[in-house]
K.L.:
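Got a structure for you, written out below as structure tokens; questions coming shortly.
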Number of protein chains: 2
Amino acid sequence: MKDERPEGTPAPRRRRLPSDERRREFVTRAVEFFAEEGFESSTRGLAKRLGVTQPLLYRYFPSKEDLIHEVYETVYVNRWRPEWAGLIGDRSRPLADRLNEFYNAYTEVIFNREWMRIYLFSGLKGVDINRRYMQLVRQRILEPIVMEARAEAGLPEAVPRDDEVEFAWVMHGGIFYYGVRDLIYESCVSADKQQVIADAVAAFLHGLALKRG
Amino acid sequence: MKDERPEGTPAPRRRRLPSDERRREFVTRAVEFFAEEGFESSTRGLAKRLGVTQPLLYRYFPSKEDLIHEVYETVYVNRWRPEWAGLIGDRSRPLADRLNEFYNAYTEVIFNREWMRIYLFSGLKGVDINRRYMQLVRQRILEPIVMEARAEAGLPEAVPRDDEVEFAWVMHGGIFYYGVRDLIYESCVSADKQQVIADAVAAFLHGLALKRG
DNA sequence: ATTTTTATTTTTCAGTCGATAAATAACGCC
DNA sequence: GGCGTTATTTATCGACTGAAAAATAAAAAT
């Protein structure tokens, strides 16, 4: 059976796009689509949203899985800003300032429905790129944060202790969960993101000092 | 085409269970099943895991959706402990002690793969019970915590301020995210849950005092 | 203008999906 | 032992799924 089109509708006029352009369009809209509907949603649903027939997708991607992998790549890799790491290590400013600036910048990227939902969906699927992302966060963000806190307290810098990194994860997770509540659960959330971050950062830094006695 | 069974296999012997017992079994295993495979997974997959044919499910539940609703009910409602609320309000002990005890008890219930995954899956689907659960947490847990902190600081108790509740959400989310990392992302996580909770609680209480200047 | 290339659609397939109706057999009762 | 109840299976439906193959048409090349 052919993919139905309401009776009187004229055959869709073919917009022929250069293949690289079309491909980019597919990936971009696939991110939107799968973010909203989940990865189990059909390629036909995606094609309809694109205004294109379903088999055309298979001209550009060998399988649905391959398309989904490009979606991951787009969200996880392309939106990571390498300068974040540098920002945290800039010792010309107090660590509290750096952390505030970092988390404001970071959440500007990840606090949107698309990013959050792709992240959670892929996490539940247990895909490898998700695990790698967590390691990236730990190595590039949280361990440096712990080391910077050590340095600022005049403590010797060795390797970050596990329980200190764990404590940083709790701050990180707390901020992250604020985005989840806002964008996934759509519960009414305090509008002042900057304040929430400032409070979380302050509590973390004081808590860390407290922990060390 | 009939639901295949490898050629030589004898017809499955029928275990006839009393209907209420069978029903309980179905719901219990459906929780396991959907937690692991997601709600998009097939009723045939569930039936196979139950060692039962797929149409039998429809003797007990009018539709897949109805079965899923019972799964929600089982996880969200049945595992909530009403005594949690009382625990937080017990002013014969320091608030820090109460919060530690509460979060140790609470995470004993929710820190398991089943609960966590059902929670995240249903959250992404945007089902109503998830929203109601978030309100429950806010009203029965977080707002009381904020009020208890006020009381302990000798401050007048009025209604909890939004930014204070938000701050409590960050602690709560941080602890929750610790479970997510452990059970969903299966990243190696500090084994000492009790320590993580103690640190988070201490940082929260000090941070709250700090916030108020 | 004709040919070549290739982006796009049409058609189709073999599975899978949730769900229904009818056939079967295990158990309780007498 | 025979009978009735009902838990369970068998068989089937129509819609939908990812994917392949072939037909078509728009653009580029000649």
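Side chains included, hydrogens not; waters and symmetry mates left out as well; all remaining heavy atoms used. Note that the structure is a prediction, hence the values are computed from the model and not measured.
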K.L.:
Scan nucleotides 1-6 of chain D nucleotide by nucleotide, 5' to 3', and note B when protein non-hydrogen atoms come under 4.0 Å of the base, S if they reach only the sugar-phosphate, - if neither.
P.N.:
-----B
K.L.:
Under 4.0 Å from OP1 or OP2 of D/dT8: is there any side-chain N or O of B/Thr53 that close?
P.N.:
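No, outside the criterion.
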K.L.:
Could you label the plane-to-plane angle of the B/Phe26 and B/Phe61 rings as parallel, tilted or perpendicular, counting under 30° as parallel and over 60° as perpendicular?
P.N.:
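Aromatic pair B/Phe26/B/Phe61 classed tilted.
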K.L.:
Calculate the interatomic distance between A/Lys48 atom NZ and D/dG18 atom C1'; express it in whole Å.
P.N.:
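For the pair A/Lys48 NZ and D/dG18 C1', the rounded distance is 17 Å.
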K.L.:
Check every atom of C/dA19, D/dA19, D/dT9 against the side chain of B/Lys64 and return the nucleotide holding the closest atom.
P.N.:
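Closest nucleotide among those given: C/dA19.
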K.L.:
Could you tell me the separation between the CZ atom of A/Phe39 and the C1' atom of D/dG18, rounded to a whole number of Å?
P.N.:
17 Å
K.L.:
Nearest to the A/Tyr60 side chain among C/dA19, C/dA7, C/dT10, which nucleotide is it?
P.N.:
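Of the candidates, C/dA7 comes closest.
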K.L.:
Roughly, in whole Å, what's the span from CZ in A/Arg15 to P in D/dA27?
P.N.:
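Distance check: A/Arg15 CZ to D/dA27 P gives 11 Å.
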K.L.:
To the nearest Å, give me how far apart CG (A/Asp66) and C1' (D/dA19) are.
P.N.:
13 Å
K.L.:
Look at the side-chain N and O atoms of A/Thr43 and state whether any lies under 4.0 Å from the OP1 or OP2 oxygen of D/dG18.
P.N.:
yes
K.L.:
Is any side-chain nitrogen or oxygen of B/Arg44 closer than 4.0 Å to OP1 or OP2 of C/dG15?
P.N.:
no
K.L.:
From CD of B/Glu40 over to P of C/dT16, roughly how many Å is that when rounded to an integer?
P.N.:
17 Å
K.L.:
Within the pair A/Ser42 and D/dT17, is there a side-chain N or O less than 4.0 Å away from OP1 or OP2?
P.N.:
yes
K.L.:
Starting at CD of B/Glu37 and ending at C1' of C/dC17, how long is that distance when rounded to a whole Å?
P.N.:
16 Å
K.L.:
Between A/Val137 and A/Trp169, does a side chain to side chain contact (heavy atoms under 4.5 Å, CB included) hold up when you go through it step by step?
P.N.:
CA-CA 9 Å; A/Val137 169; A/Trp169 266 118; 3.8 Å; yes
K.L.:
Enumerate donor-acceptor pairs with a distance under 3.5 Å from any side-chain N or O in residues 115-122 of chain A to protein atoms, sequence neighbours excluded.
P.N.:
unit_1, atom_1, unit_2, atom_2, d
A/Arg117, NE, A/Ala35, O, 2.7
A/Arg117, NH1, B/Leu124, O, 3.4
A/Arg117, NH2, A/Glu36, O, 3.1
A/Arg117, NH2, B/Leu124, O, 3.0
A/Tyr119, OH, B/Tyr177, OH, 2.8
A/Ser122, OG, A/Tyr76, OH, 2.6
A/Ser122, OG, A/Ile118, O, 2.9
A/Ser122, OG, A/Tyr119, O, 3.1
A/Ser122, OG, A/Asn130, ND2, 3.4

K.L.:
Round to a whole Å and report the spacing from CZ of B/Arg22 to P of C/dC27.
P.N.:
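Distance check: B/Arg22 CZ to C/dC27 P gives 11 Å.
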K.L.:
Reading DNA chain C from 5' onward, which residue's closest nucleotide shows up sooner: B/Tyr58 or A/Phe26?
P.N.:
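Looking at DNA chain C, the more 5' nearest nucleotide goes with A/Phe26.
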K.L.:
Find the distance A/Leu17:CG to D/dA28:P and express it as a whole number of Å.
P.N.:
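Taking CG of A/Leu17 and P of D/dA28, I get 12 Å after rounding.
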K.L.:
Fit a plane to each ring of B/Trp84 and B/Tyr106, take the angle between them on a 0 to 90° scale, and name the class: parallel (under 30°), tilted (30 to 60°) or perpendicular (over 60°).
P.N.:
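If you compare the ring of B/Trp84 with that of B/Tyr106, the planes turn out perpendicular.
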K.L.:
Hey, is the main chain of B/Phe39 close enough, under 3.5 Å, to the side chain of B/Lys64 for a donor-acceptor pair?
P.N.:
yes
K.L.:
Are side-chain N/O atoms of B/Asn104 and B/Glu108 paired as donor and acceptor at under 3.5 Å?
P.N.:
no
K.L.:
Taking the side chain from B/His69 and the backbone from B/Glu65, do they hold a donor-acceptor pair closer than 3.5 Å?
P.N.:
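Answer holds: yes.
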